[in-house]
Amino acid sequence: MTRIKPTDIASTISRRKLLQAGAATLGASAFPMPVIAQTKPFAGVTLRGASFQHRFFTLLQNYIPEFEAQTGMKVDLQLSSFPVYNQQANLELASGGSAFDFVNVTFILASRWVAAGLLSNLDEFTGDPNLTPADWNPKDFVEGAQVPYRDAKGGTYGYSWEGGAMVMGVSRMDLMEKKGLKIPKTFAELQQVCAEINGTDNVSGIVSFQLHHWCLPPYIQGFGGNIFKNPPADIMPALNSPQAIQAIEYYANLLKNYAPRGVLTYTEDQARQALLTGRSNIFIHSSSWITPTLRSDESRVKDTARVVRMPAGPVRDCPAANSQGLGIPKNAKNKKAAWEFIKWAVSPEISMRLVKEHGHSSVCRRSVIESEAYRKLNTVNGQDLGALYLEVLGLPAKGENYMAYRTVKEFPIVGDVLNKAFEQVATGQLAGAAAMNAAQEQAVANMRRAGSTL
């Protein structure tokens, strides 16, 4: 009988453990778990963020449980209406509060928040390879969408999750072709088409909505004017220039003569429905509101709709472009966790999933927009919507940044005045010159009252 020595037993057990460990290691290498899931680096952290309500966040909420499982943190995302969010976030940031770890950096407030030092410089995170892998690639974001989130030295204070490229939707190309009309490419042609179509088959020539300080400036710039004299260097309002007066009269006449009754109080949804149902022929707005004419199940005009460039003015071609970004407040309590969320939310992977799984096309990563998958999903009736979106979104970064007026921190003050002036002209209360002269005086007074140096 062979006796087994204690040392042999120990050796056998050690070999068995070694083999078991080796098998486990082999299994782990064959089916690796995500590193972040193994380490749970943010276990126990509750991340608090805020933004205005938007489809992007509605869709993103479907994926947040995955992010929570990977990181160990909980995400408390508070969404409210656009004006309510802007008011609350502005107050929170300006007071130096720390209630939020990440926020939406609203386009019209971005310059104010950046200039006042209310946000964290995200270059600190993207420049650290331990926090941001090289393939995340900050330069992948469309340049025009990133302009609002940079300071004078080029520091980055937000990354864009939504791009708005102003395009023109034409719903009833069939009616236009019957009348021998082509897609308008100039302001003069736009007025002609609106006049020819208006009333035909109970269709109005054009529709718009109540955010006049978004809709009107491209016409002011198209005629050669601007909102400020030379933003951001010279922020003296230029609302009563001959070009601005010409523009407000032109646009007011379009809506007075060729738009549905009550259009001045239309919401974006009402205007969108007028286009989708073919009750209005033309709607000029951000691509995310126009492209549903070709892609939405609600659309009744898929076969007769076109999505094209906004007509150019006699002096300049300035279709509006904007974006919304995610940033980290300067006094946030959980900055690294907040960056982990932002990095994930606007990653190439999540951006592509939003495109493929939900048809959400207004992402801001060039690699996604130029991908074959994006192109296939966004080429409808032979129209490459992605190429059009990318072209317009990138325009402000080419040559003069004509959207600089909207990133000036005083723009909300002037925008409110511009809204009122337009309504006075469109309702016939005042002529263009009188309304814009009054608006100029009011804008200057309001800016000085707010502490602006002119």
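Quick caveat, the model's predicted, so the values are computed rather than measured.
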**OP:** Mind running side chain to side chain donor-acceptor pair (under 3.5 Å) on D76 and T46 for me, showing each step along the way?
**Re:** CA-CA 7 Å; D76 177 10; T46 296; over 6 Å; no

Subject >> Ion pair check, R365 and D140, cut-off under 4.0 Å >> reply: yes

Original post:
side chain to side chain contact (heavy atoms under 4.5 Å, CB included) with S160: which residues, sequence neighbours excluded?
Top reply: F141, A145, Q146, Y149, S323, C364

Original post:
Should the heavy atoms of other residues, nucleotides or ligands under 6.0 Å from NZ of K229 be counted, would the total exceed 12?
Top reply: no

Original post:
Salt-bridged, E400 to R316, with N to O below 4.0 Å?
Top reply: yes

Original post:
Is the backbone of N104 close enough, under 3.5 Å, to the side chain of Y85 for a donor and an acceptor to pair up by distance?
Top reply: yes

**OP:** Answer whether the closest heavy-atom distance between the side chains of L418 and M436 falls below 4.5 Å.
**Re:** yes

**OP:** Check whether the side chains of N446 and Q442 place a donor and an acceptor atom closer than 3.5 Å, and report yes or no.
**Re:** yes

Subject >> Salt bridge E143-R366, side-chain N to carboxylate O under 4.0 Å >> reply: no

Original post:
Are N198 and S204 close enough that a side-chain donor and a side-chain acceptor fall under 3.5 Å?
Top reply: no

Original post:
What distance separates M352 CE from I369 CD1, expressed to the nearest 0.5 Å?
Top reply: 10.0 Å

**OP:** Return yes if some donor-acceptor pair links the side-chain N/O of S299 with the main-chain N/O of S296 below 3.5 Å, else return no.
**Re:** no

**OP:** State whether the side chain of S351 and the backbone N or O of P348 hold a donor-acceptor pair below 3.5 Å, judged by distance alone.
**Re:** no

Original post:
Can you tell me how far CD of Q191 sits from CD1 of I206, rounded to the nearest 0.5 angstrom?
Top reply: 10.0 Å

Subject >> Non-hydrogen side-chain atoms of F422 and L264 separated by less than 4.5 Å >> reply: yes

Original post:
CZ of R375: more than 12 outside heavy atoms within 6.0 angstrom?
Top reply: yes

Subject >> Side chains of S288 and Y389, donor plus acceptor under 3.5 Å >> reply: no

Original post:
Pick from W214, F411, F228: which one makes a ring pair (Phe, Tyr, Trp, His ring centres under 6.0 Å) with Y405?
Top reply: F411

Original post:
So, for H54 and F56, is the gap between ring centers shorter than 6.0 Å?
Top reply: no

Original post:
Between D269 and T267, is any side-chain donor less than 3.5 angstrom from a side-chain acceptor?
Top reply: no

Original post:
Going through the distances and angles, do S452 and E410 end up as a side chain to side chain donor-acceptor pair (under 3.5 Å)?
Top reply: CA-CA 8 Å; S452 300; E410 288 81 6; 3.2 Å; yes

Original post:
For atom CD of E357, is the number of surrounding heavy atoms from other residues, nucleotides or ligands below 6.0 Å larger than 12?
Top reply: yes

Original post:
Is the side chain of T265 donor-acceptor paired with the backbone N or O of G262 at a distance under 3.5 Å, no angle test?
Top reply: yes

Original post:
So, are E298 and R272 salt-bridged, with charged N and O less than 4.0 Å apart?
Top reply: yes

**OP:** Could you check if a side-chain atom of Y374 sits within less than 4.5 angstrom of a side-chain atom of V363, using non-hydrogen atoms only?
**Re:** yes

**OP:** Test ring-ring contact (aromatic ring centres under 6.0 Å, His included) on W136 and F125 and set out the steps.
**Re:** CA-CA 11 Å; W136 193 81; F125 300 97; over 10 Å; no

Original post:
Which atom pair, heavy atoms only, marks the closest approach of L377 to K356?
Top reply: CD1-CA, 3.9 Å

Original post:
Does a salt bridge link E423 with K420, judged by any charged N lying under 4.0 Å from a carboxylate O?
Top reply: no

Subject >> Gap separating the NZ atom of K333 from the CD1 atom of I328, nearest 0.5 angstrom >> reply: 15.5 Å

Original post:
Is the count of non-hydrogen atoms from other residues, nucleotides or ligands lying under 6.0 Å from K330 atom NZ greater than 12?
Top reply: no

**OP:** Please identify each residue that fulfils side chain to side chain contact (heavy atoms under 4.5 Å, CB included) with Q243, with sequence neighbours left out.
**Re:** F223, S241

Subject >> Any donor-acceptor pair under 3.5 Å from N86 side chain to F82 backbone >> reply: yes

Original post:
Any chance the side chains of E68 and Y63 put a donor and an acceptor closer than 3.5 Å?
Top reply: no

**OP:** Identify whether the distance between the nearest side-chain nitrogen and carboxylate oxygen of E66 and R353 falls below 4.0 Å.
**Re:** yes

Subject >> Donor-acceptor contact present, side-chain D151 to main-chain G155, <3.5 Å >> reply: yes

Original post:
Does R172 come within less than 4.0 Å of D174, counting only side-chain N to carboxylate O?
Top reply: yes

**OP:** Give a yes-or-no answer on whether the side chains of W339 and T132 include a donor-acceptor pair shorter than 3.5 Å.
**Re:** yes

Original post:
Is the backbone of I350 close enough, under 3.5 Å, to the side chain of S347 for a donor and an acceptor to pair up by distance?
Top reply: yes

Original post:
Does M173 reach the side chain of I183, with side-chain heavy atoms less than 4.5 Å apart?
Top reply: yes

**OP:** Verify whether the ring centers belonging to F102 and F341 lie closer than 6.0 Å.
**Re:** yes

Original post:
Would a distance-only check, ignoring hydrogens and angles, find a side-chain to backbone donor-acceptor pair under 3.5 Å from T304 to S171?
Top reply: yes

Subject >> Residue list, side chain to side chain contact (heavy atoms under 4.5 Å, CB included) with K256, at least two apart or on another chain >> reply: N253

